[in-house]
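One structure, as structure tokens, below. Some questions next.
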Amino acid sequence: MNNTEYKEAMQTLNLWSKHYYVLDDPITTDEVYDKLYHKIIEYEELNPDILDSNSPTQRVGDMISEGFTKEPHLSRMWSLEDIFDKEGLDKWLTKTYKLDSNISFYCEPKYDGASLNLIYENGVLVKGVTRGDGTIGELITRNVKTIKSIPLTVEHKETIEIRGEIVIFKDEFERINKRRLAEGEAVFANPRNAAAGSLRQLDSSVTAKRNLVFLPYGVGIDTLEYKYLSDKMEYIYSLGFRKPPQRAVTQGYDEIEEIYEVMNRDRDSYDMMLDGMVVKVNEIAAQIDMGYTVKVPRFSVAYKFPAVEKITTVKEIILQVGRTGAVTPVAIVEPTDIDGVVVERATLHNFDEIERKDIRLGDKVIILRSGDVIPKIIKVLTHERTGDEVQVIKPTHCPVCESELLQEEVLLKCQNLECDARVVNSIMYFASKPCLNIDGLGVKIVEALFKSGLVKSVVDLFDLDLEKLLELEGFKEKKSQNLLNSLVNAKGQDYWRFINSLGIEHIGEVASKTLAENFGFSFVTATKEQIIECEGIGEEMAESVLEFVRVNTETITKLQTILEPLEPVKREEAKENPFKGKTVVLTGTMSESRGVIKEMIETLGAKVSGSISKKTDFLIYGEDAGSKYDKAEKLGVKTLTEGEMRELI
Ligand code: IVH
């Protein structure tokens, strides 16, 4: 790197950083940012005299956006030095042990969200301040007060600053984006952006709806006299804050490496996104001795996980036709290794989304892979376009059966009920886990059965026999017999599975259970009024059931005769008790699994429903109750803690 390149790199980093911190609209990945950032650190270390005051290494974060009042932090909010590998850890440990050889380390996740400072005076939350530039942030107290994991009062009278990260859980993120998609709005790029954006809403009721979560990771000014950080943090958790999903006090390199491996291995199973593990010197006296560089503490380091966001190129857009006829575009991208998995395709949801993001063939894009879900394109790098990119044209005809496609709200749909893709996918759905859970009916086998003409609908599956199967290519005796056995096992299952397997539009697992419980075998003769009476079933769903039954009575009867599903048993009449005949909703974490509590309440003659409405009689809540609790309060539904519920019975 020479001086010109240094200046250029600085400008690029500042632009990226503005997109990230100020506009909540990243235009590159953390990994690419970190690489360049470290290059300029290296250059600055070698050439200390040319250090530019505008260098991103000289300040952390960026300006404050308009709309909120500026507010100084009582003590500075620091940033962290990043390390990426064993070598980095080794170097940091060597440096740290030189300052003090008699130390242990507190390890906890590095949450991928937005940092927040909470100020409590006389045991009351008086201010919530965003990080801003570390010295001055934005006052967002009203928004902060809507966040359920932040106690409004604490049993601690002296002034204290509690610092932590605001995150959005992955399932909540999916839920928000699903709704935004259905309503034709742009989706959030990732949970971190969704959290930061939601935190800085000018309308705090929007923040309230987003189910943000606060995870404390430290304190600013305080009067606490603990010898160890781990004890200090235990005290903070005891004031009513969330604990990390994983934490440990460790001695030395091997133990740190071990917990890092565990956290990285398990990261997909955590509710929130993590981007690394933070290692902190546990002895507070040693922390004070070690102090800070101009921008980071010497006693702490962020040990980053491999990136889950990568840059790749869109090669092709293919179309998939689902069982409902919905045609979804899928991007085929230049194969890219993301944390050990080679990613070759990414979902695009629908054509509106392609238009909104203006995704073109040949575009450089950022893709995000988290958990088992299909990777998503979260950003097009329009500034990298060469002019050779090709616009994606919305299809007018089904790529499988060539019949005309119709736009139904945000979805483009094939209307042909006999479209090969629709039939194959309906069979796959019929056999899937939340339906009849038939082993051995993977896509290849279903396609082969369909192509041979042996299976044109799910009913035909049950006419298969060994002789017929053995005539098919690739079907040996064992494979054929296994399939026939699985088909026998599809019989005699719970009735809700039967209903779910029919694939009625708008009727998923929960609604199938409701219908099975309320009507048993007579769900086919239920009237619209009766169906709407059921908790959680609205008009559109009821109409969908009636229409499906009208068109498919014969198939339903046939399937029911073949499959012999079990009719739900009516419970014995419960003795008088406060829950008898009532509708109850459960939320949060309780002392026993949700299934056990549900069973207990149902035995008392109550109905347990999945969602709150005016018809709900009680909401019973455990730890970390979220949006359901808010909704219950709003609708005036009586709320009970698990303990209160147990007392009543
Ligand atoms: S400690 C004294 N601990 O990461 C050091 N930070 O890259 C202050 N972060 O601004 C930070 N999880 O917003 C710390 N367990 C954790 C964290 C954490 C996430 C964020 C925090 C900070 C940024 C620094």
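Hydrogens, waters and symmetry mates are skipped; everything else that's a heavy atom, side chains included, is used. In listed order, ligands and their atoms are each counted from 1.
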| request: Run the numbers on Asp30 and Arg192 for salt bridge (Lys or Arg N to Asp or Glu O under 4.0 Å), then give the verdict. | output: CA-CA 12 Å; Asp30 291 0; Arg192 179 217 310 140; 3.3 Å; yes

| task | Give me the ring orientation class for Tyr97 and Phe105: parallel if the planes are under 30° apart, tilted from 30 to 60°, perpendicular past 60°. | result | perpendicular

| message | Is it the case that the ring center of Tyr260 lies less than 6.0 angstrom away from the ring center of Phe305? | response | yes

| message | Any donor-acceptor pair under 3.5 Å linking the side-chain atoms of Asp266 with those of Gln246? | response | no

| Take atom OH in Tyr228; do more than 12 heavy atoms of anything else shown fall under 6.0 Å from it? | no

| task | Compute both the distance and the angle, then confirm whether Arg180 meets the cation-pi test with Phe188: under 6.0 Å from the six-membered ring centre, within 45 degrees of the axis. | result | yes

Atom pairs, nitrogen or oxygen, ligand 1 to protein, under 3.5 angstrom:
residue	atom	partner	partner atom	Å
ligand 1	3 (N)	Lys280	NZ	3.0
ligand 1	4 (O)	Lys110	NZ	3.1
ligand 1	7 (O)	Lys110	NZ	3.3
ligand 1	12 (N)	Tyr111	N	3.0
ligand 1	13 (O)	Ser115	OG	3.2
ligand 1	13 (O)	Glu165	OE1	2.5
ligand 1	13 (O)	Tyr217	OH	3.3
ligand 1	15 (N)	Glu108	OE2	3.0
ligand 1	15 (N)	Pro109	O	2.9

